[in-house]
Amino acid sequence: MEKFDKLSGIAAPLPIINVDTDMIIPKQFLKTIKRSGLGVNLFDEMRYDDDRNEIPGFVLNKPQYRDAQILVAGDNFGCGSSREHAPWAIKDFGISCVIAPSFADIFFNNCFKNGILPIALPQEQVDVLMKDAEKGANARIEIDLEAQTITSSDGEVFTFDVDPFKKHCLMNGLDDIGLTMEKAPSIDAFEAQAAQARPWV
Amino acid sequence: MSPKTLYDKIWDAHVAHEADDGTTLLYIDRHLVHEVTSPQAFEGLRMAGRTVRAPDKTIAVPDHNVPTTEGREKGIENEESRIQVEALDKNAKDFGIHYYPVSDVRQGIVHIVGPEQGWTLPGMTVVCGDSHTATHGAFGALAHGIGTSEVEHVLATQTLIQKKSKNMKVEITGKLAPGVTAKDITLSVIGATGTAGGTGYVIEYCGEAIRDLSMEGRMTVCNMAIEGGARAGLIAPDEKTFAYVKGRPHAPKGAQWEAAMDWWKTLYSDDDAQWDKVVTIKGEDIAPVVTWGTSPEDVLPITASVPAPDSFKGGKVDAAKRALDYMGLSAGTPLNEIAIDTVFIGSCTNGRIEDLRAAAEILKGKKIAVKRAMVVPGSGLVRAQAEEEGLADIFKEAGFEWRMAGCSMCLAMNPDQLSPGERCAATSNRNFEGRQGRGGRTHLMSPAMAAAAAVTGHLTDVRDMM
C-alpha cells in the first residue's frame, strides 16, 4: 500500500450530506474484477450526462478541481454499501484525503486499506475548510499525518484525531494481512480453545 | 462479574488477540462471500501465495449480478456479469469453500441462504463483503459488512482487525397495530435516529414488539441497522430462534445441539448492563410508513404529506431540496396521492416466505394497476415454497412477473432496472439516487404496502384494504 505522510493539495468542495457509495461509484462499475481504473467513473452519475458528456457544473469537472487531491464534504460521507470500489475510485482519481464532519463506518475503514486518510472534524471547522476549498486552485490545504494537523490556505491550523494503529499502518504503507499473520500463534491457540468450547461452529 | 450486554458477550468469546491500545483480532465463525466484492480478494491471495485459512467456515453464493429470468443457468448474457460469476465458480473450486452455484435450487441472496441453511447460529461472528450482513444479527450473531480488503484478510487469517463499538439499545415497547410490520419498525427507527444515528454503535433491538416478531421479521429489522449507520444490529436469541435453527442442514445435532443450547441461553444483555445510548419507541405509535426522499431517513407515515425542505435544519435543507427535485415531488403533496409505475417485491430485507405471504394476502383476486410489477424470491427454496403454497399463482394472476432468486432490482446490477423518472414502490432497503437504475425513483415500504400500491397504482395505506 502507498504510504501517506504529508499532503499539500487542492481541495474540492462537495457540500452535500449523506453522500452514499452509490453516488461515489454506481453499481454498473462494480462488475470489474480489478481494483484499478475506476477514477474515471468516480461520481459518475453526477459527473456525466446520459450521452457521457461532462456536466460542467459538477465540481470535479471544473478546471480548477481536476487535479484535486483532497475532498471536503458534508456529514455522514460514504454511507450505504460496503463496496470498496468507492475508495478505489477516489484513490484512482487522485484524491488521498477526505474531510467531513462524520463518515459511515465501513467506508471509513475501507479508506485506510487503500492509502486514503479520512478526517472527521467538527462542523464549524469543516465549514472553514469548505470555504477554503471554494477558492479553487490557488488555495492549497496542507495535511500532516505525523503531526495530525490540517493547515488552511490562510494558515489556520486544525488538529485531528486518528487511531494510532491505523496511523502507523498508513504512514508506513503496511499490509494488514502480513501483520496479522505474525500473530498466527494467537489465532491457532484461539481456534484450538474454541473448538473445545464451541465444537458445533 | 461485571454486567455485560449481548454484544459484550459475543465479542469477549471471539477475541483471538488484543493489543494494548484495544486493537483486537476478532475471530470470525462464518464468512459469507458473493461475486461482486470477492474477486479482488481471491486475486490478492493468489498473488501473495496465500490460502483460505478456514474453507469449512466460508460459504459462497452468486446473487448480485445473476439474472432472475428462467433459463439463466445456461449462461449470463452480460459479459462482465458472466465473468464475475465465473470467477466465483472458479475461486470456490480452487480454494475448496462451500458453494451454491446458480443452478442449485438453494442459490439465493447470501443473507437469505445463510440462515436458511443453518450456517448462521446464535453467538457467532458473521461477516460478508456486503453491508446487509447485519441481517444475521436477528439470531443474536454479531454480523456486519466488510470491504474487499477485509474479505481478503478474513480469507487469509479468519480474523478481522477491530476496535470495539459502543452499545446502543433500541427498545420497541408494546404491541404493533394491525397493518404495521417489521419493515415499519426498522424504517421508523431510522426516521427517528437518522442515517448516522447509529455510527460507532452496535444496536440491540429489544422490547415486546421485537419479541413478538417472527425470526423473518427480526431479520428485516436487523437488515436495515446499517441504514441507521450502526456497525451491526442484534436481537437476543429466544425459543423462536432455537425453533427456527433446529433441524437446518448445518445446525448442530444431538449432543452438540444440547451443548450449543446451554451457551445460547446465556446470550442476553444482563439487567444492569451499561448502555451508551438508549432509544425507546412505542410500538403503538408506529404506522405503516413510506420514504419520500433519497435517504432511508426520509421516512413518514403514509398518512403524511411530502415535507417542505425549509422544515429541516442545517445541511438537511439542501439535501431535502435536492431529494424532492430528484424524486419529482413537491412539498405538501399527500403521500397517498403519489402515482407509482412499478412495484418490486424482494431483496434481503423482504424476500422471505412471510413477506411473499403478506403481499399475496393483499393481492388475492386483484389485478395490478401499475405498468409492471415483479416478485423476486430471496432464494430458490423460498420460490419453491411459494409455488407450493399457491402464492406464485396469486402473484401471476394479479399481473406480477414471477422471477428466479437474486438481488435483482434492489441494486439493479442485473438487467432488472428502473428507467429515468420511473417511480417504484420497493420492499428493498435503499432509496439512494440511481440505486435502482439511473434516474429511477424509489419509495421504500413493507411488502403489504407495496402490494397495496400495485393494486391502486399509487402509494396506499394498506390498512384501508384490510
Side-chain angles (χ1 to χ4, degrees), chain A residues 15-18 20-23 26-28 30-35 44-46 50 74-76 79-88 101-107 109-110 113-114 123 163-166 175-181 183-184 186-187 189-191 194 197-201, chain B residues 16-17 19 21 23 25 27 29 36-37 39-40 43 48 50 57 64-65 80-81 83-84 87 121 123-124 129-131 145-150 152-153 156-159 161 163 195-196 199-200 229 231 252 256-257 259-260 263 295 315-316 318-319 322 411-413 430 432-435 438:
Chain A
I16 302 177
I17 64 164
N18 296 333
D20 59 67
T21 51
D22 278 81
M23 276 184 194
K27 67 234 161 225
Q28 59 268 37
L30 309 189
K31 294 184 180 184
T32 177
I33 55 171
K34 297 185 297 188
R35 294 175 199 244
D44 197 84
E45 290 183 1
M46 298 159 90
D50 291 341
D75 208 9
N76 197 28
C79 60
S81 106
S82 64
R83 61 188 70 166
E84 199 160 318
H85 309 68
W88 293 339
S102 72
F103 292 87
D105 189 42
I106 303 175
F107 175 83
N109 284 328
N110 283 342
K113 316 283 183 194
N114 293 283
Q123 182 71 53
D163 178 87
F165 176 72
K166 290 191 167 100
D175 163 25
D176 277 353
I177 297 176
L179 287 177
T180 298
M181 285 197 147
K183 303 199 180 77
S186 299
I187 302 172
F190 177 87
E191 224 165 33
R198 295 190 296 279
W200 60 86
V201 171
Chain B
H17 181 272
D21 70 345
T23 301
L25 280 182
Y27 192 81
D29 293 326
V36 175
T37 58
Q40 295 88 349
E43 193 54 28
R50 289 169 176 149
K57 294 172 181 171
H64 281 58
N65 261 294
E80 288 174 302
S81 296
I83 290 170
Q84 254 186 356
L121 299 172
M124 280 186 163
D130 188 278
S131 56
I146 54 177
T148 298
S149 295
E150 290 178 318
E152 187 178 339
H153 191 277
T157 70
Q158 205 56 28
T159 64
I161 301 171
K163 278 256 173 93
T195 49
T199 304
R231 172 158 296 178
Q256 291 211 349
W257 172 266
W263 188 54
S295 166
K316 191 67 191 175
D318 282 346
R322 184 184 168 91
L411 86 166
M413 272 193 80
R430 289 193 176 128
F432 296 158
E433 288 180 23
R435 172 76 178 181
R438 183 170 184 150

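Convention: sequence-line order gives letters A, B, ...; per-chain numbering from 1.
- A:L179 CG to B:T157 OG1: the interatomic distance, rounded to the nearest 0.5 Å, is 11.0 Å.
- The NE2 atom of B:H153 sits 8.0 Å away from atom CG of A:D175, with the distance rounded to the nearest 0.5 Å.
- When B:E433, B:Q256, B:E80 are compared by the number of non-hydrogen pairs under 4.5 Å with chain A, B:Q256 comes out ahead.
- With hydrogens and angles disregarded, no donor-acceptor distance shorter than 3.5 Å links the side chain of B:R231 to the backbone of A:D105.
- Only the side chain of B:N65 has a heavy atom closer than 4.5 Å to any heavy atom of chain A.
- Salt bridge status for B:R430 with A:D22: absent, with no side-chain N to carboxylate O gap under 4.0 Å.
- Here the shortest heavy-atom pairing between B:F432 and A:D20 reads CG-OD2, 3.2 Å.
- Scanning all heavy atoms of the two residues, the minimum distance from B:P252 to A:W200 falls at CB-CB, 3.5 Å.
- Contact of the B:L25 side chain with the A:F190 side chain is not registered, since no non-hydrogen atoms from C-beta on lie closer than 4.5 Å.
- Note on B:D29, B:T37, B:D318: by heavy-atom pairs under 4.5 Å with chain A, the leading option is B:D29.
- Ranked by non-hydrogen atom pairs under 4.5 Å with chain B, the options A:Q123, A:M46, A:E191 are led by A:E191.
- For the options B:G229, B:A196, B:A156, B:A87, heavy-atom pairs under 4.5 Å to chain A are most numerous at B:A196.
- Interface residue B:S149: backbone and side-chain heavy atoms are both found under 4.5 Å from chain A.
- No part of A:F107 comes within reach of chain B, as not one of its non-hydrogen atoms sits under 4.5 angstrom from that chain.
- Contact annotation: the side chain of A:F165 never approaches that of B:K163 to less than 4.5 Å [non-hydrogen atoms, C-beta and beyond].
- Per-residue heavy-atom pair counts under 4.5 Å with chain A were compared for B:L121, B:I146, B:D21, and the maximum is reached by B:I146.
- If you measure heavy-atom distances from A:I33 to chain B, the contacts under 4.5 Å come from both the backbone and the side chain.
- Using a 4.5 Å cut-off between heavy atoms, B:K316 touches chain A through backbone and side chain atoms alike.
- Of the two parts of A:D176, the backbone and the side chain both hold a non-hydrogen atom closer than 4.5 Å to a non-hydrogen atom of chain B.
- For chain A, the nearby parts of B:T148 are the backbone and the side chain; heavy atoms of each come within less than 4.5 Å.
- For the atom pair CG of A:N18 and CZ of B:R322, the computed distance is 11.5 Å after rounding to the nearest 0.5 Å.
- With a 4.5 Å cut-off on non-hydrogen atoms, A:D50 touches chain B through its backbone and its side chain both.
- Interface residue A:I187: backbone and side-chain heavy atoms are both found under 4.5 Å from chain B.
- Side chains of A:M181 and B:R50 form a contact here, defined as non-hydrogen atoms less than 4.5 Å apart.
- For B:S81, the parts lying under 4.5 angstrom from a heavy atom of chain A are both the backbone and the side chain.
- Looking at every heavy atom in both residues, A:E84 comes nearest to B:E150 through OE1-N, 4.4 Å.
- The choice from B:G434, B:G147, B:G200, B:A48 that makes the most heavy-atom pairs within less than 4.5 Å of chain A is B:G147.
- Contact of A:P199 with chain B is made through backbone and side chain together, with heavy-atom distances under 4.5 Å.
- Closest non-hydrogen pair, A:S186 versus B:H17, comes out as OG-CD2, 3.5 Å.
- For chain B, the nearby part of A:K34 is the backbone; its heavy atoms alone come within less than 4.5 Å.
- Of the residues considered (A:I17, A:N76, A:I177), A:I177 shows the highest number of contacts with chain B, using heavy-atom pairs under 4.5 Å.
- Formation of a donor-acceptor pair under 3.5 Å by the B:Q84 side chain with backbone atoms of A:L30 is found in this model.
- Separating the CD1 atom in B:I161 from the NZ atom in A:K113 is a distance of 5.0 Å, to the nearest 0.5 Å.
- Proximity to chain A is absent for every atom of B:E43, based on heavy atoms less than 4.5 angstrom apart.
- A 4.5 Å side-chain heavy-atom check between B:T23 and A:K166 finds every atom pair outside the cut-off.
- A donor-acceptor pair is defined here as one N or O able to donate and one able to accept, closer than 3.5 Å; such a pair exists between the side chain of A:K31 and the backbone of B:M413.
- Of the two parts of A:R198, only the side chain, counted from C-beta on, holds a non-hydrogen atom closer than 4.5 Å to a non-hydrogen atom of chain B.
- Put simply, the side chain of A:I106 reaches to within 4.5 Å of the side chain of B:S131, judged on heavy atoms.
- Neither the backbone nor the side chain of B:A19 comes within contact range of chain A; no heavy atom of the residue lies under 4.5 Å from a heavy atom of that chain.
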